[in-house]
Amino acid sequence: MMSRELNRLTTLIILAFGLIVIGTGYWQIIERDDLRRREDNPRRVLDELNIQRGMIFDRNEEVLAYSQPTAGIMKRYYPYPAAVGAVGHYSYTFGAAGLEEGLNDWLSGSDFQNEWEAFFTDLVHHVVEGGDVKTTLDITLQQQLAAAMDGQNGGALVVHVPSGEILAMVSQPSYDPNTIEQRTNGTLLNFLPRNRVTERQFQPGGILQTLILSELLAANTPLDKPVSVKEVTLHNPSLTLACTTPAAHDLLPLSEAYLAGCPMPFVSAVGTSVNPESLLNKLQAAGLLSAARLDGFLLRTPAENEILLQNVDRFAAEAAGQGDLTITPLQAVQIIAAVVNQGNGVPLHLIEATRTPDSTPWKTFLPTTLSSAIMQPAIAGQIQMLQQEHPLAGENVYGHISRAYAGTREFIWLLAWTPLENGESIIMVVILEAKEIAPETALNIAVPILEAAARPD
């Protein structure tokens with residue numbers, strides 16, 4: 001009798017332990033991710049605060065971000081706050097931005113842990129180590145660009161052609177990622193400015209003139225053709241547009257009208273010399289009608305830009321870059337890239353290589369963004385030669401400068417480039433925003449940066 005009772009008790013104990021094991025397994029493995037995501041789970045907080053996030057480096061393996069134990073938790077440090085426009089920040093309280101957000105799964109280690117490894121790590125309370133990332137940034141150039149942009153409202157980026165490597169990227173106004181934990185006004189990051197390079201949408205204004213010029217050249221329009229450079233009056237929106245650089249006469253050769261940023265020849269061309277459908281195709285080829293992409297970034301921009309060219313008023317507004325189309329500086333890169341890259345865009349990327357925390361060698365990162373044909377090589381060569389005959393400043397800085405408007409705000413767009421000795425180029429996009437702003441302001445920022453990028457120490 002006693003033996004039977006002992007057997008029953010043993011069976012009950014075994015069943016109880018079995019249920020505990022099944023329950024633990026269910027919550028630790030099957031429901032692990034959902035449990036971790038619960039806001040009321042204190043374990044989630046402890047896990048996050050004890051992750052040894054991977055390091056972020058520049059192209060020369062200078063450390064841009066690292067984690068270190070501080071007061072019992074892992075704290076994120078940024079030795080170069082000037083890199084925040086690309087690197088972003090990570091904070092348990094205030095979330096993440098930039099590469100820290102886009103590459104969170106890799107940097108936090110969840111990308112290369114299977115379920116059983118994650119279960120074991122949880123079981124023994126082992127510190128999770130994330131993977132490292134080497135970027136294409138040049139921190140010296142990044143700091144120079146941040147200093148040049150200080151005090152401005154706008155954005156700028158520097159890119160190598162034909163590789164598409166982003167060497168520097170700055171958004172102003174900016175912030176110090178080391179001090180965001182000191183903020184006290186909530187967790188929605190409403191105190192942080194939007195990234196004006198990757199997320200802020202701007203009217204393209206006169207930067208579309210390069211694309212329309214390529215269509216005019218494809219139609220065999222001679223560059224020395226006299227064209228009117230009088231002011232353009234738009235009805236929707238209500239705007240009067242003039243040349244970026246004041247013109248001495250009402251008639252100029254097409255080449256000079258382009259260099260002066262005069263809207264009239266290009267606005268009047270759409271619907272006459274340039275078929276509206278051809279303009280739409282050109283905008284699509286340049287990536288201006290679809291969502292921008294950049295590996296490692298979560299870009300919060302519209303999936304697509306829809307513009308309608310149904311009448312003369314809309315032809316004029318869109319050709320002037322003052323219609324429904326809005327773009328980011330990241331998208332504008334492809335226009336100037338095509339001029340110096342035989343008519344082709346570039347595969348923009350900010351990640352050079354990655355490695356796991358077990359100290360494996362760097363693995364080269366292959367960008368997913370592909371380059372596309374934007375204009376014919378011969379036409380790109382014509383525009384490139386035209387720009388080279390008329391330097392923007394100095395001896396080796398070329399490009400196109402123009403204006404755009406939104407309400408009472410004025411914008412200066414600068415698309416510039418400088419050649420390298422090996423036949424490659426460094427290109428740059430700058431956009432500045434103010435009530436009134438002189439084109440020279442953008443040039444004063446870009447020229448020393450391009451010269452420094454072309455002649456690194």
Between W362 and F57, is the ring-ring contact (aromatic ring centres under 6.0 Å, His included) condition met? List the steps.
CA-CA 12 Å; W362 288 107; F57 299 86; 5.7 Å; yes
Donor-acceptor contact below 3.5 Å, side chain T136 vs main chain I166:
yes
What residues, two or more places apart in sequence or in another chain, satisfy side chain to side chain contact (heavy atoms under 4.5 Å, CB included) together with T221?
L216, A219, K225, L254
Could you tell me if the side chain of P439 sits less than 4.5 Å from the side chain of T245, heavy atoms only?
no
Whether K282 side chain and I212 backbone form a donor-acceptor pair below 3.5 Å
no
side-chain contact (heavy atoms from CB on, under 4.5 Å) assessment of L223 paired with L213:
CA-CA 9 Å; L223 283 170; L213 179 61; 4.1 Å; yes
Looking at K134 and E61, is any side-chain nitrogen of the basic one under 4.0 Å from a carboxylate oxygen of the acidic one?
yes
Residues at least two apart in sequence or cross-chain that pass ring pair (Phe, Tyr, Trp, His ring centres under 6.0 Å) with Y66, listed by chain then number, are Y77
Beyond-backbone contact of Y78 with V87, side-chain heavy atoms, under 4.5 angstrom
yes
Under 3.5 Å, is there a donor-acceptor pair between the side chain of D295 and the main chain of L350?
no
Correct closest heavy-atom pair for L107 and L99 would be CD1-O, 4.0 Å
What verdict does the side chain to side chain donor-acceptor pair (under 3.5 Å) test give for R293 and T368, after you've listed the backbone C-alpha separation in whole Å, the side-chain angles of each residue and the deciding distance to 0.1 Å?
CA-CA 9 Å; R293 294 180 59 188; T368 59; 3.2 Å; yes
What's the verdict on ring-ring contact (aromatic ring centres under 6.0 Å, His included) for F411 and Y405, showing C-alpha distance, side-chain angles and the deciding distance?
CA-CA 6 Å; F411 303 87; Y405 301 89; 8.2 Å; no
Hey, what do you get for CG (L432) to OG1 (T441), rounding to the nearest 0.5 Å?
6.5 Å
Short question: side chain of N341, backbone of A337 - any donor-acceptor pair under 3.5 Å?
no
Does a side chain donor of either H89 or Y175 reach within less than 3.5 Å of an acceptor in the other side chain?
yes
How far apart are the closest heavy atoms of P357 and G130, and which atoms are they?
CB-O, 3.5 Å
Scan side-chain atoms only and decide if D58 and T135 contain a donor-acceptor pair under the 3.5 Å cut-off.
no
Nearest-0.5 Å distance that lies between atom OG in S91 and atom CD1 in I180
4.5 Å
For salt bridge (Lys or Arg N to Asp or Glu O under 4.0 Å), just list the numbers for E100 and R53, CA-CA rounded to whole Å, side-chain angles, deciding distance to a tenth of an Å, and then say yes or no.
CA-CA 10 Å; E100 289 275 29; R53 288 175 73 85; 2.9 Å; yes
Quick check against the 3.5 Å criterion: does Q331 have a side-chain atom that pairs as donor or acceptor with the backbone of S290?
yes
Run the salt-bridge test on K363 and E352 with the 4.0 Å N-O cut-off and return the result as yes or no.
no
Restricting to ring pair (Phe, Tyr, Trp, His ring centres under 6.0 Å), what partner residues turn up for Y80, sequence neighbours left out?
none
Any chance you could lay out the side-chain contact (heavy atoms from CB on, under 4.5 Å) test for I445 and M149, step after step, and finish with the verdict?
CA-CA 7 Å; I445 291 171; M149 288 285 293; 3.6 Å; yes
Could you tell me the separation between the OG1 atom of T210 and the CD atom of Q387, rounded to the nearest 0.5 Å?
6.0 Å
Would you say I412 and I431 make side-chain contact, with heavy atoms under 4.5 Å?
no
Is there a donor-acceptor pair under 3.5 Å between the side chain of Q203 and the backbone N or O of G321?
yes
Taking the side chain as C-beta and beyond, is there a heavy-atom pair between T240 and V232 under 4.5 Å?
no
Looking just at side-chain N and O atoms, do N422 and E424 make a donor-acceptor pair shorter than 3.5 Å?
yes
How many angstroms lie between atom CD1 of I335 and atom CG of L208, to the nearest 0.5 angstrom?
6.0 Å
Would you say the side-chain atoms of R403 pair up with the backbone N or O of I437, donor to acceptor, closer than 3.5 Å?
yes
Residue pairs, two or more places apart or on separate chains, that pass ring pair (Phe, Tyr, Trp, His ring centres under 6.0 Å) and touch residues 130-161:
none
Are any non-hydrogen side-chain atoms of V227 and M264 less than 4.5 angstrom apart?
no
Show me the pairs that pass side chain to side chain donor-acceptor pair (under 3.5 Å) and involve residues 139-149, at least two apart or across chains.
none
Between Q209 and F266 (side chain of the first, backbone of the second, donor and acceptor by atom type, cut-off under 3.5 Å), is there such a pair?
no
Heavy-atom pair with the smallest gap, counting every atom of G205 and A404
CA-CB, 3.6 Å
I want to check something: taking the side chain as every heavy atom from C-beta on, are D132 and T354 in contact at a cut-off of under 4.5 Å?
no
Shortest non-hydrogen contact between V346 and Q334, atoms and distance:
N-OE1, 2.8 Å
Non-hydrogen side-chain atoms of L386 and L259 separated by less than 4.5 Å:
yes
Around E421, counting heavy atoms of other residues, nucleotides and ligands shown, do more than 12 lie under 6.0 Å from its CD?
no
Please check this pair: side chain of S163 against backbone of E165, looking for a donor-acceptor N/O pair closer than 3.5 Å.
yes
Are R59 and D138 ion-paired here, with the side-chain N under 4.0 Å from a carboxylate O?
no
Can you confirm whether the side chains of T326 and Q201 place a donor and an acceptor under 3.5 Å from each other?
yes
Hey, mind stepping through S214 and I383 against side-chain contact (heavy atoms from CB on, under 4.5 Å) and telling me if it holds?
CA-CA 8 Å; S214 71; I383 299 175; 4.1 Å; yes
Hey, could you give me the CG/CG distance between L450 and L392, rounded to the nearest 0.5 Å?
9.5 Å
Among all residues two or more places apart in sequence or in another chain, which pass the ring pair (Phe, Tyr, Trp, His ring centres under 6.0 Å) test with F297?
none
Should the pair H400 and Y258 be assigned to parallel (<30°), tilted (30 to 60°) or perpendicular (>60°) ring geometry?
parallel
Side-chain (R355) to main-chain (G131) donor-acceptor, under 3.5 angstrom
no
Distance-minimising heavy-atom pair for L414 and A446:
CD2-CB, 3.4 Å
Do R455 and N396 have side chains that get closer than 4.5 Å, going by heavy atoms?
yes
Closest contact, heavy atoms only, A373 versus N344:
CA-OD1, 3.5 Å
Separation between CD (Q388) and CD (Q384), nearest 0.5 Å, reads 5.0 Å
With side-chain contact (heavy atoms from CB on, under 4.5 Å) as the criterion, how do I426 and V159 come out once you've worked through the C-alpha distance, each side chain's angles and the decisive distance to 0.1 Å?
CA-CA 6 Å; I426 301 294; V159 179; over 6 Å; no
For N178 and R76, test the side chains for any donor-to-acceptor distance below 3.5 angstrom and give the result as yes or no.
no
